[in-house]
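A quick write-up on the structure given underneath.
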Number of protein chains: 2
Amino acid sequence: MMETTSTRTDSCAAPPHPHRRPEGQDSYTISEVVAFTGLTAHTLRWYERIGLMPHIGRSHTGQRRYSNRDLDWLDLVGKLRLTGMPVADMVRYAELVREGDHTFGERFELLETTRRDVLARIAELQDTLAVLDRKISFYADAGRVAAYEGEKVR
Amino acid sequence: MMETTSTRTDSCAAPPHPHRRPEGQDSYTISEVVAFTGLTAHTLRWYERIGLMPHIGRSHTGQRRYSNRDLDWLDLVGKLRLTGMPVADMVRYAELVREGDHTFGERFELLETTRRDVLARIAELQDTLAVLDRKISFYADAGRVAAYEGEKVR
DNA sequence: CGCTTGCTTGGAGCGCACTCCAAGGTCATA
DNA sequence: TATGACCTTGGAGTGCGCTCCAAGCAAGCG
């Protein structure tokens with residue numbers, strides 16, 4: 001078997017990074033990174049192609065060797081992805097990082113905007129949760145009483 | 001102009017349904033529903049085609065006339081959409097509703113599963129928020145000090 | 001009557017985020 | 001040294017959720 005699709009380990013894993021090797025020996029193959037992140041090798045290569053990752057270091061024969069730093073970046077990308085941030089925006093952020101220190105302000109603003117988006121999203125979800133709870137208790141205790149959908153949803 | 005793309009009003013609108021007409025006179029054209037929901041007419045027709053909406057009532061000339069009930073259903077669909085629930089699952093739920101009372105159990109379970117998903121999603125987002133906050137304060141008070149990305153992200 | 005606006009349909013097209021393929025080179029173990 | 005797992009590339013394909021198109025019908029208006 002090759003190119004495993006998603007060896008995503010249980011998400012209730014340990015907090016830090018149990019698998020990482022110390023600085024200096026931090027050189028991971030793409031399949032190791034697949035195992036750590038749950039991303040596919042395809043996706044990792046694609047991230048690099050579109051500029052969402054820096055160019056990854058290579059072995060003497062041209063194979064990718066990821067560093068701890070690369071893994072940290074992937075962690076951040078993973079988090080940002082969870083917020084629903086478009087890949088294009090993350091690429092933009094990556095570009096700002098590559099461009100150097102004079103982009104600090106812009107990066108800061110991008111993060112702040114994202115933060116506000118996340119807060120708004122959480123609020124939306126909590127709103128939805130309320131609707132869901134109402135509907136669930138409706139089903140739970142109205143048992144099977146004439147209860148068609150759309151009835152006092154809100 | 002026709003087929004406006006997104007006349008989404010500010011989301012801090014009034015809680016109930018300021019625009020609705022009383023039962024008996026609740027007959028809205030597709031463009032009215034577009035204005036209410038922020039969906040496009042295309043999307044509304046598509047929802048109907050794929051079975052996410054029941055077949056909508058028609059005028060004597062075959063034009064769609066939405067009822068308050070239809071609007072309620074669209075509200076629910078909008079909420080479920082916010083949770084990230086796939087359209088296919090919402091269609092499944094719609095089917096269960098059409099199939100009648102004997103699907104109560106299954107509907108209940110679907111809602112409960114969704115509820116758990118939403119809770120998990122909120123937790124994820126809060127986790128992300130913490131990362132974001134850390135990074136933001138890093139940018140804020142480290143000012144412009146050597147601060148490359150991936151540095152102690154977590 | 002012609003013009004505009006708004007609605008109808010089936011089917012094609014689009015943007016995003018992957019996802020996979022084909023052809024070939026590399027590495028570790030027996 | 002040979003087998004098989006793993007890696008490389010550019011480019012094509014997929015699935016989702018819309019999004020749009022073309023052709024045509026119906027109503028209102030000057």
Side-chain angles (χ1 to χ4, degrees), chain A residues 1-8 27-53 55-67 70 74 76-94 117, chain B residues 1-8 27-53 55-67 70 74 76-94 117:
Chain A
M1 168 164 289
M2 48 187 281
E3 301 289 30
T4 47
T5 326
S6 173
T7 319
R8 185 182 290 283
S27 171
Y28 311 95
T29 65
I30 199 166
S31 57
E32 283 175 305
V33 179
V34 164
F36 298 162
T37 63
L39 297 168
T40 71
H42 295 304
T43 302
L44 287 168
R45 288 189 280 252
W46 179 66
Y47 278 1
E48 197 177 333
R49 264 199 286 187
I50 64 175
L52 181 52
M53 294 289 297
H55 280 293
I56 300 300
R58 301 300 174 116
S59 73
H60 66 107
T61 55
Q63 297 194 342
R64 286 173 182 79
R65 293 294 179 258
Y66 291 81
S67 68
D70 297 326
L74 279 171
L76 177 63
V77 165
K79 290 290 182 202
L80 293 179
R81 216 166 43 118
L82 286 178
T83 70
M85 180 188 274
V87 165
D89 290 4
M90 292 192 267
V91 170
R92 175 76 190 127
Y93 187 75
D117 290 350
Chain B
M1 168 165 291
M2 47 186 283
E3 303 287 29
T4 47
T5 325
S6 171
T7 319
R8 186 183 290 284
S27 170
Y28 311 95
T29 66
I30 199 166
S31 58
E32 284 175 305
V33 179
V34 164
F36 298 161
T37 62
L39 297 168
T40 70
H42 295 304
T43 301
L44 287 168
R45 288 189 280 253
W46 178 67
Y47 277 1
E48 197 176 334
R49 265 198 285 187
I50 64 174
L52 181 52
M53 295 288 298
H55 280 292
I56 300 300
R58 303 298 175 118
S59 72
H60 66 107
T61 55
Q63 297 193 341
R64 286 173 182 78
R65 293 294 179 258
Y66 291 82
S67 68
D70 297 326
L74 279 171
L76 177 63
V77 165
K79 290 290 183 201
L80 293 180
R81 216 167 43 118
L82 286 179
T83 69
M85 178 187 276
V87 166
D89 290 4
M90 292 193 267
V91 170
R92 174 79 190 124
Y93 187 75
D117 291 349

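Proteins come first, then strands; the chains are lettered A, B, ... in the order of their sequence lines, and each starts at number 1.
- If you take CZ of R58(B) and P of dA26(D), they are 14 Å apart, rounded to a whole angstrom.
- For H42(A), taking side-chain heavy atoms from C-beta onward, the closest of the listed nucleotides dC7(D), dT19(C), dT9(C) is dT19(C).
- Side-chain nitrogen and oxygen atoms of S31(A) include at least one within less than 4.0 Å of the OP1 or OP2 phosphate oxygen of dC7(D).
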Considering only nitrogen or oxygen atoms on both sides, find all protein atoms under 3.5 Å from nucleotides 14-18 of chain D and state each distance.
from	atom 1	to	atom 2	distance (Å)
dG17(D)	OP1	V87(B)	N	3.3
dC18(D)	OP1	R81(B)	NH1	3.3
dC18(D)	OP2	Y47(B)	OH	3.4

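- Residues L74(B) and M53(B) have side chains in contact (heavy-atom distance under 4.5 Å, counting atoms from C-beta outward).
- As rounded to whole Å, 19 Å separates atom P of dT5(C) from atom CD1 of I30(B).
- Note on R64(A): every side-chain N or O is 4.0 Å or more away from OP1 and OP2 of dC7(D).
- Considering only the side chain of R49(B), dG11(C) comes nearest among dT8(D), dT8(C), dG11(C).
- Of all nucleotides listed (dC6(D), dA27(D), dT8(C)), dA27(D) comes nearest to the side chain of T61(B).
- Across the protein-nucleic acid pair, L44(B) atom CG and dT9(C) atom P stand 12 Å apart, rounded to whole Å.
- Among residue pairs with one or both ends in residues 35-44 of chain A, none qualify as salt bridge (charged side-chain N to carboxylate O under 4.0 Å, His left out); sequence neighbours excluded.
- What you find for S27(A) and E32(A) is that their closest heavy atoms are O-OE1, 4.1 Å.
- Take R58(A) and apply the salt bridge (Lys or Arg N to Asp or Glu O under 4.0 Å) test, not counting sequence neighbours, and it matches E48(A).
- Contacts of T29(A) with the nucleic acid, taken as non-hydrogen atoms under 4.0 Å apart, involve only primed sugar atoms and P, OP1 or OP2.
- Rounding to whole angstrom units, NE2 of residue H60(B) and P of dC25(D) are separated by 17 Å.
- Here Y28(A) pairs with F36(A) under the ring pair (Phe, Tyr, Trp, His ring centres under 6.0 Å) rule; sequence neighbours left out.
- Of the listed nucleotides (dT8(C), dC7(D), dT8(D)), dT8(C) has the atom at the smallest distance from the side chain of R45(B).
- Scored by the side chain to side chain donor-acceptor pair (under 3.5 Å) test, S67(B) finds D70(B) as partners (sequence neighbours excluded).
- Among the atoms of the strands shown, none is found under 4.0 Å from any heavy atom of R65(B).
- With sequence neighbours excluded, no residue forms a ring pair (Phe, Tyr, Trp, His ring centres under 6.0 Å) with Y47(B).
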